[in-house]
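Excluded from the calculations below are hydrogen atoms, water molecules and symmetry mates; all remaining heavy atoms, backbone and side chain alike, are included.
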Amino acid sequence: MSAQQNVPPNVTVTVIGLGQMGAALAGAFLTAGHRVTVWNRTPEKAGPLVARGAVRAASVAEAVAAGDVVVVCVLDYAAVRELLAPVAEALRGKVLVNLTSGSPEQAREEAGWAGERGIAYLDGAVMTTPPGVGDSANMILYSGAPEALAAHRDVLAVLGDPVDLGPDAGLASLYDSGLLGLMWSVFGGWLHGTALTGADGVAAKDFAALANRWLRTVSWFITGYAEQIDAGEYPGDDATIDVQVAAIGHLLHAARARGVDNRLPELHLALMRGAAEAGHGGDSYARLIDAFRAPRG
Ligand code: NAP
């Protein structure tokens with residue numbers, strides 16, 4: 001589904017950084033009817049956007065001056081600072097939306113830098129790849145100046161569904177890291193299952209059809225297990241860790257028999273065994289949170 005379209009172009013938007021993601025962001029603003037000014041270190045990359053009506057700024061300073069909302073999306077925070085430090089005065093009173101990926105610590109430092117200079121700072125994380133920008137089914141996480149997000153929510157909604165994580169500027173990066181970690185773990189399990197079933201001739205798309213249905217059930221498990229983690233109680237009243245140690249044995253056996261690499265399920269087995277050996281074999285899988293948390297004290 002396309003995000004909000006035909007927004008009155010009363011708010012001017014600047015996009016600094018026209019790599020794959022920045023170009024998609026600028027394109028979504030253009031699609032929604034905003035006046036868009038763009039700047040990129042390699043100026044030629046602005047060509048397709050200029051052909052669609054964007055204005056190419058000759059410098060970062062010119063780009064910043066043109067926009068009420070200044071979106072920056074470059075490789076890393078070092079590049080952000082390198083570009084914006086010389087134009088800090090021009091950013092005063094504007095809304096700076098940093099959609100560059102980084103750590104929570106970098107985001108908090110950037111928010112402090114902006115705050116000291118009177119710049120409303122929103123840190124963001126785009127939870128999709130460039131083709132998914134502009135689709136309201138996808139999340140864009142924001143943290144930092146909540147009043148800036150409230151004031152420009154309609155403008156930012158053309159990029160994807162804006163999720164407000166509150167005033168701590170580090171939270172968008174923190175959630176982003178956690179969510180990407182989840183994605184890579186899911187990818188790993190899915191690829192292992194695809195190799196396992198593929199060894200007996202199952203097409204990847206046939207396995208994917210059931211994998212996607214199964215993920216909805218797994219999502220339901222996660223909701224229940226999250227409540228257990230928050231409560232600090234792990235009743236094994238659905239499936240115990242002991243039962244899952246036995247079940248993963250079947251997976252390991254089937255995969256080994258087909259020459260499939262088992263490093264990933266071996267890791268899961270080691271985590272489960274650790275919990276069982278600590279006396280928690282009768283608990284739910286959520287008890288494994290203990291294996292991930294930093295030791296207390
Ligand atoms: P990309 O296609 O490699 O583009 C990188 C951009 O950063 C280019 O505009 C590049 O300028 C610019 N840049 C790099 N170093 C610079 C410097 N020192 N000074 C000025 N500009 C500099 O990367 P991308 O995929 O657009 O990613 C951009 C950001 O979005 C990253 O932080 C990435 O993690 C994040 N992100 C990307 C995705 C994705 O799926 N692609 C998803 C979520 C978040 P030149 O064109 O001149 O090289």
Side-chain angles (χ1 to χ4, degrees), residues 2-3 7 9 11-103 106-107 109-111 113-114 117 119-135 138 140-142 144 148 152 155-160 162 169 172-173 176:
S2 176
V7 170
V11 175
T12 56
V13 181
T14 286
V15 179
I16 294 173
L18 303 174
Q20 298 201 43
M21 183 52 81
L25 300 169
F29 285 127
L30 284 171
T31 300
H34 285 289
R35 277 184 290 148
V36 181
T37 299
V38 293
W39 181 89
N40 193 58
R41 179 179 63 178
T42 307
E44 297 74 40
K45 287 192 189 168
L49 294 160
V50 170
R52 291 183 55 197
V55 174
R56 186 201 318 250
S59 64
V60 175
E62 196 179 302
V64 166
D68 303 312
V69 174
V70 177
V71 175
V72 58
C73 185
V74 289
L75 180 64
D76 55 23
Y77 277 60
V80 171
R81 188 64 72 84
E82 189 185 317
L83 292 172
L84 298 185
V87 295
E89 193 53 41
L91 279 166
R92 184 181 293 275
K94 300 196 183 237
V95 176
L96 174 60
V97 183
N98 184 10
L99 296 180
T100 304
S101 301
S103 70
Q106 287 176 315
E109 191 184 325
E110 208 59 23
W113 176 88
R117 287 158 182 80
I119 304 163
Y121 182 79
L122 273 175
D123 205 273
V126 182
M127 302 311 300
T128 183
T129 53
V133 170
D135 185 337
N138 297 322
I140 316 268
L141 312 181
Y142 293 99
H152 295 293
V155 176
L156 296 172
V158 307
L159 304 177
S173 292
D176 183 34

**Q** Any heavy-atom pair between the side chains of Leu49 and Val36 that's under 4.5 Å?
**A**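 No. Closest side-chain heavy atoms not under 4.5 Å.
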**Q** Within the structure provided, determine whether Leu99 and Leu159 are in side-chain contact (heavy-atom separation under 4.5 Å).
**A**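 Result yes, sub-4.5 Å side-chain heavy-atom pair found.
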**Q** Tell me whether Thr37 contacts the main-chain N or O of Ala57 through its side chain, where contact means a donor paired with an acceptor under 3.5 Å.
**A** no
**Q** What pair of heavy atoms forms the shortest contact from Ala107 to Ala169, and how long is it?
**A**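 Nearest heavy atoms, Ala107 then Ala169: CB-O, 3.5 Å.
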**Q** Which heavy atom in Val60 sits nearest to a heavy atom in Leu83, and how many Å separate them?
**A**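 Nearest heavy atoms, Val60 then Leu83: CG1-O, 3.7 Å.
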**Q** Please report, to 0.1 Å, the donor-acceptor pairs under 3.5 Å made by any side chain of residues 122-133, with sequence neighbours excluded.
**A**
from, atom 1, to, atom 2, distance (Å)
Asp123, OD1, Tyr77, OH, 3.0
Asp123, OD2, Tyr77, OH, 2.6
Asp123, OD2, Tyr121, OH, 2.5

**Q** Show the nearest heavy-atom pair for residues Leu91 and Ile119, with the distance to one decimal.
**A**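 For Leu91 versus Ile119, the nearest heavy atoms are CB-CD1, 3.5 Å.
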**Q** Using side-chain heavy atoms (C-beta onward) and a distance below 4.5 Å, is Arg52 in contact with Thr31?
**A**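 They are in contact (side-chain heavy atoms under 4.5 Å apart), so the answer is yes.
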**Q** Quick one: salt bridge (Lys or Arg N to Asp or Glu O under 4.0 Å) pairs with a partner in residues 65-94, sequence neighbours left out?
**A** Arg81-Glu109, Arg81-Glu110, Glu89-Arg92
**Q** List the atom of Ala85, the atom of Trp113, and the distance in Å for their closest heavy-atom pair.
**A**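 For Ala85 and Trp113, the tightest heavy-atom pair comes out as CA-CZ2, 3.7 Å.
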**Q** Quick check against the 3.5 Å criterion: does Thr12 have a side-chain atom that pairs as donor or acceptor with the backbone of Ala66?
**A** yes
**Q** Measure from the side-chain N and O atoms of Thr100 to the backbone N and O of Val74, and report whether any donor-acceptor pair falls under 3.5 Å.
**A** yes
**Q** State, to 0.1 Å, how close Leu30 and Ala54 come at their nearest heavy-atom pair, and which atoms those are.
**A** CD2-N, 3.9 Å
**Q** For residues 39-48, tabulate all N or O donor-acceptor pairs below 3.5 Å that involve a side-chain atom, not counting sequence neighbours.
**A**
from, atom 1, to, atom 2, distance (Å)
Asn40, OD1, Leu18, N, 2.7
Asn40, ND2, Thr42, O, 2.9

**Q** Heavy atoms only: give me the nearest Val155-Phe29 pair and the separation to one decimal.
**A**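 Heavy-atom minimum between the residues: O-CE2, 3.5 Å.
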**Q** Going from CD1 on Ile140 to CG on Leu156, what distance comes out if it is rounded to the nearest 0.5 angstrom?
**A** 8.5 Å
